[in-house]
Amino acid sequence: MKKVFLAGTAFTAICLVLAQQPVQAATLDDVMARLDALERNNAKLAKENAQLRDRVNHIASRPAEPASTGSPPKGNPVQHAWVAPSPKQPPERPIVSIGGAPLYSKAPGSNAFVDNTTVTLYGHVDLSGDVFNPGVFDQGTKTGVASNLTFFGINARHDLEPYGYAGWAAVAQFESLVEVAAVPTERAAFGTRDSFIGMATPWGTIKAGKSDTPYKKSTSKFDPFSATLGDYNSIMGNTGGDLRAKFDWRAAHAIWYESPFWNGFQATLMISPGQNTAKDNSDFALGDFNCPGTSARGSGSGFPLTSAPEGCTDGSYGNLYSASLTYNQGPFTAIAAYEMHEGTNRTGDEAVTPLSNGGVLIVPPGAVGIANEWAAKIGAGYRLDDGIGKLQLYGIYEVMRRENTVADFNERSRDGYFLSATQTVGAWDVSASWAHANASPGSPGTGVLNNYTVTPAAGSADFALNTLDSSADQYAAGVKYHFSPVVAWYLVGSYLRNGPAHTTASA
């Protein structure tokens with residue numbers, strides 16, 4: 001194609017030269033002169049063509065220059081466009097992983113989003129066969145199959161360092177309960193567990209969404225029987241025993257900050273706005289269809305047959321504040337945590353209840369009412385090699401208080417203690433724990449005697465709970481065998497000793 005173009009150029013030049021000559025008589029001398037002129041012109045054209053060919057070959061053989069990362073070219077900004085250079089590409093990295101193990105890795109390509117994003121799939125499956133006795137006269141011993149703490153999640157991280165933000169990353173997570181054994185309800189909807197979007201920086205991470213509170217997370221690893229019949233939440237973090245531990249909670253519509261680790265220390269701060277349309281927090285929070293501080297379809301949630309008809313008056317609160325400071329260095333662990341629930345509405349406890357002995361329990365308006373509830377705890381752990389294997393020890397002291405409540409009707413204020421030990425021998429873990437709840441000052445509730453042969457009528461009451469001991473102890477023991485780092489089986493037993501007026505539930 002190049003030769004054709006050059007020949008065509010020469011042909012055109014000859015035609016032009018011929019056309020420009022004046023018309024005159026053709027003599028032999030004239031013809032020879034014209035031929036000489038044509039030869040000189042052809043020689044000149046041939047030389048120019050050769051020079052052009054050399055230039056083309058030189059340009060084709062020159063190595064490509066690297067893309068400029070300097071300033072955009074000067075000129076009219078309307079007539080000239082500047083394309084920003086692509087961000088510096090990271091080395092080959094995992095794109096999708098399962099539990100932190102790379103599943104799919106990719107070399108840097110032309111898609112900056114894919115090249116700088118890591119997606120992690122994770123989850124936990126825990127299924128148990130249970131035998132339990134609630135200790136209630138009309139229940140007896142029962143058997144069951146439970147899903148326990150079974151969940152599935154997706155975590156994504158998009159690194160911003162290639163764009164010039166060293167140490168920055170956008171993070172997101174969606175996590176859901178999985179009902180392996182039970183019939184699924186909205187409790188297992190997508191995003192029911194810790195789910196958020198946030199920004200990680202060199203100075204810490206800010207997230208927004210829903211998450212276990214810092215108070216809850218601070219001691220979550222202290223309990224070797226978490227999510228089993230021996231779970232310490234029958235007592236720890238549990239003020240009233242109505243199937244929900246008030247201070248072992250996952251806060252919705254929350255914003256929180258997680259600091260970097262500094263010499264083993266980390267601080268976490270959270271606020272969850274109440275966003276309740278009722279001044280007394282007796283309604284659902286905006287965007288929710290559940291009473292604040294309750295689980296879907298759970299006690300006090302506002303779901304039919306779970307709450308009093310007057311609305312969210314069984315522990316619904318406004319703003320939640322939670323904070324923790326943890327220390328982990330070598331074999332030693334220490335924590336301090338605090339949480340407050342602002343304006344907790346318990347007006348549903350205020351009532352006049354006749355007793356079977358002819359007496360009456362009167363809880364007058366304002367005796368319980370709407371008040372702040374808070375909890376604080378400290379804890380420590382130590383791991384040592386005792387010659388048999390690793391021995392892990394933990395302990396917690398907890399204080400829970402409800403303010404501005406008449407003592408005779410205050411069941412939400414008490415102290416608690418927890419101890420646990422786990423001895424590892426090869427692939428085996430042998431664990432034991434003890435939790436204790438001191439008696440509360442009083443209670444607004446009533447109880448029935450545990451000697452009925454038939455179920456008493458709804459609303460029946462034989463005595464006032466504030467006249468009896470409300471302390472409790474829970475003992476748990478168990479073994480676990482690890483087939484691999486991710487597969488194990490376990491056997492757990494638990495016994496809960498309730499004082500006559502204590503209302504926590506366990507098996």
Side-chain angles (χ1 to χ4, degrees), residues 212-228 230-251 266-270 293 315 317 320-328 332-342 344 346 371-382 392-403 405 407 410-422 431-443 469-476 494 496-499 501-506:
D212 287 344
T213 65
Y215 188 90
K216 175 180 179 178
K217 286 184 176 181
S218 65
T219 56
S220 59
K221 68 179 182 180
F222 285 35
D223 183 11
F225 306 116
S226 176
T228 72
D231 194 308
Y232 74 174
N233 288 142
S234 293
I235 289 180
M236 305 306 294
N238 196 333
T239 59
D242 41 5
L243 303 180
R244 48 191 160 113
K246 318 304 175 302
F247 292 99
D248 194 86
W249 202 244
R250 176 173 293 110
Q266 185 184 36
T268 307
L269 307 172
M270 171 185 281
Y317 52 78
L320 175 150
Y321 308 92
S322 187
S324 69
L325 178 65
T326 61
Y327 175 79
N328 291 277
F332 184 68
T333 297
I335 71 95
Y338 173 84
E339 184 168 312
M340 186 183 74
H341 302 165
E342 196 172 62
T344 304
R346 297 197 182 276
N372 295 340
E373 294 181 359
W374 59 267
K377 61 183 173 181
I378 57 173
Y382 192 79
Q392 179 67 63
L393 304 173
Y394 287 113
I396 304 171
Y397 172 64
E398 182 175 53
V399 177
M400 293 185 289
R401 295 290 184 267
R402 177 175 174 83
E403 301 174 351
T405 301
N410 188 351
E411 66 175 339
R412 307 289 170 174
S413 295
R414 65 161 181 81
D415 296 353
Y417 315 88
F418 177 78
L419 296 174
S420 72
T422 298
S431 303
S433 69
W434 167 71
H436 174 77
N438 287 351
S440 60
S443 174
D469 175 32
S470 60
S471 66
D473 291 279
Q474 182 183 27
Y475 307 91
S494 175
L496 181 63
R497 180 208 65 80
N498 278 324
H502 197 92
T503 56
T504 54
S506 182

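Here the closest non-hydrogen pair linking Met270 and Ala251 is SD-CB, 3.8 Å. Taking all atoms of both residues into account, the shortest heavy-atom contact from Lys246 to Thr239 is CG-OG1, 3.3 Å. Heavy-atom minimum distance, Ala439 versus Arg414: O-CB, 4.2 Å.
At least one donor-acceptor pair closer than 3.5 Å links the side chain of Asn238 to the backbone N or O of Asn233.
Using modelled atom types, one finds a donor on one side chain and an acceptor on the other under 3.5 Å when comparing Lys377 with Thr219.
By the side-chain contact (heavy atoms from CB on, under 4.5 Å) test, Ala267 is found to be paired with Ser259, Leu325, residues two or more places apart in sequence or in another chain being considered. Judged as a side-chain hydrogen bond (donor to acceptor under 3.5 Å, both in side chains), and not counting sequence neighbours, Ser420 has no contacts. Residues passing the side-chain hydrogen bond (donor to acceptor under 3.5 Å, both in side chains) test with Thr268, sequence neighbours excluded: none. Partners of Asp223 by side-chain hydrogen bond (donor to acceptor under 3.5 Å, both in side chains), not counting sequence neighbours: none found. Under the side-chain contact (heavy atoms from CB on, under 4.5 Å) criterion, Tyr321 pairs with Ile271, Asn319, Met340, Glu342, sequence neighbours left out. For the salt bridge (charged side-chain N to carboxylate O under 4.0 Å, His left out) test, residues two or more places apart in sequence or in another chain that qualify with Glu373 are Arg346, Arg402. Residues passing the side-chain contact (heavy atoms from CB on, under 4.5 Å) test with Ala323 are Leu269, sequence neighbours excluded. For Asn372, there are no side-chain hydrogen bond (donor to acceptor under 3.5 Å, both in side chains) partners two or more places apart in sequence or in a different chain. With sequence neighbours excluded, the residues that form a side-chain contact (heavy atoms from CB on, under 4.5 Å) with Tyr382 are Pro331, Phe332, Leu384. In this structure, Phe225 has no ring-ring contact (aromatic ring centres under 6.0 Å, His included) partners at least two apart in sequence or on a different chain. Among residues two or more places apart in sequence or in another chain, the salt bridge (charged side-chain N to carboxylate O under 4.0 Å, His left out) test is passed with Asp248 by Lys216.
Phe418 contributes atom CZ, which lies 10.5 Å from atom OH of Tyr394 (distance to the nearest 0.5 angstrom). Distance check: Met400 CE to Trp374 CH2 gives 10.5 Å after rounding to the nearest 0.5 Å.
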Problem set entry | Chi angles and distances behind the side-chain contact (heavy atoms from CB on, under 4.5 Å) call for Asn438, Ser471 | CA-CA 5 Å; Asn438 287 351; Ser471 66; 5.9 Å; no
For this session: For the pair Glu339 and Thr213, evaluate side-chain contact (heavy atoms from CB on, under 4.5 Å) and give the outcome as yes or no after the intermediate values.
Result: CA-CA 9 Å; Glu339 184 168 312; Thr213 65; 3.0 Å; yes
Problem set entry | Trace of the side-chain contact (heavy atoms from CB on, under 4.5 Å) decision for Tyr232 with Ile396 | CA-CA 11 Å; Tyr232 74 174; Ile396 304 171; 3.8 Å; yes
